[in-house]
Amino acid sequence: MARTGARVYGPAAMTEEQLAEQVERFYARVREDEVLGPIFNGAITDWPHHLEKLKAFWSSVMLTSGRYKGSPMAAHLQHRDAIAPEMFERWLGLWRTTADQVFVPAEADAIVEKAERIAESLGLALFFRV
């Protein structure tokens with residue numbers, strides 16, 4: 001990890017503030033996206049509340065804060081018919097673009113890697129039917 005001033009950079013140095021910025025910027029992009037926007041805007045009626053829930057989720061995932069109480073799988077399963085597999089790649093592309101703007105490279109890589117694993121799990125649950 002590189003050190004600049006009083007701040008240590010790297011995945012371990014990720015802050016709640018950065019995660020909040022990531023969530024805010026990313027979902028602003030999602031809401032405006034021609035493919036993802038209609039899906040998300042149709043599913044979410046209270047964006048401020050949802051963004052707070054997403055901030056708690058990413059805080060729990062990346063900082064092990066335990067702030068998130070919920071079931072992301074159940075939430076996504078409710079919208080299975082509106083989601084197509086290729087949407088995950090679009091979502092991940094926007095996530096990476098935003099992460100590259102919010103975090104230093106090591107942090108961006110860490111949060112993108114985690115998002116890729118989550119997307120893979122959600123995709124399997126949504127689209128793999130036996």
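Since this is a predicted model, take the numbers as computed values, not measurements.
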Greater than 12 external heavy atoms within 6.0 Å of Glu120's CD: no
Matching residue for Val30 among Asn41, Leu36, Val35, Thr98 - test: side chain to side chain contact (heavy atoms under 4.5 Å, CB included): Leu36
From OG1 (Thr15) to CD (Glu107), nearest 0.5 Å: 7.5 Å
Considering all heavy atoms, the nearest Leu63-Met14 contact: CD2-O, 3.3 Å
Check: Trp91 ring centre within less than 6.0 Å of Phe26 ring centre: yes
Separation between NZ of Lys114 and CE of Met62, rounded to the nearest 0.5 Å: 6.5 Å
Spacing of Glu32 atom CD and Leu94 atom CG [to the nearest 0.5 Å]: 10.5 Å
Expected output: side-chain Ser60 to main-chain Ala56 donor-acceptor under 3.5 Å: yes
Nearest-0.5 Å distance that lies between atom CG in Asp100 and atom CD in Gln22: 9.0 Å
Where Ala108 and Phe103 come nearest, the two heavy atoms and their spacing: N-CB, 3.5 Å
Pair Arg96-Glu116, side-chain contact (heavy atoms from CB on, under 4.5 Å): steps then yes or no: CA-CA 10 Å; Arg96 163 59 87 180; Glu116 288 170 345; 5.8 Å; no
Parallel, tilted or perpendicular: rings of Tyr27 and Trp47 (30°, 60°): tilted
Nearest-0.5 Å distance, CD1 of residue Ile39 to CD1 of residue Ile44: 11.0 Å
Main-chain N/O of Lys55 paired to Glu24 side chain as donor or acceptor, under 3.5 Å: no
Stepwise salt bridge (charged side-chain N to carboxylate O under 4.0 Å, His left out) check, Asp33 with Arg29: CA-CA 6 Å; Asp33 185 82; Arg29 285 186 168 126; over 6 Å; no
Electrostatic pair Glu21-Arg25, nearest N-O below 4.0 angstrom: yes
Minimum heavy-atom distance Ser59-Glu16, with the two atoms named: OG-OE2, 2.6 Å
Point-to-point distance, once rounded to the nearest 0.5 Å, from CD1 of Ile111 to CH2 of Trp95: 4.5 Å
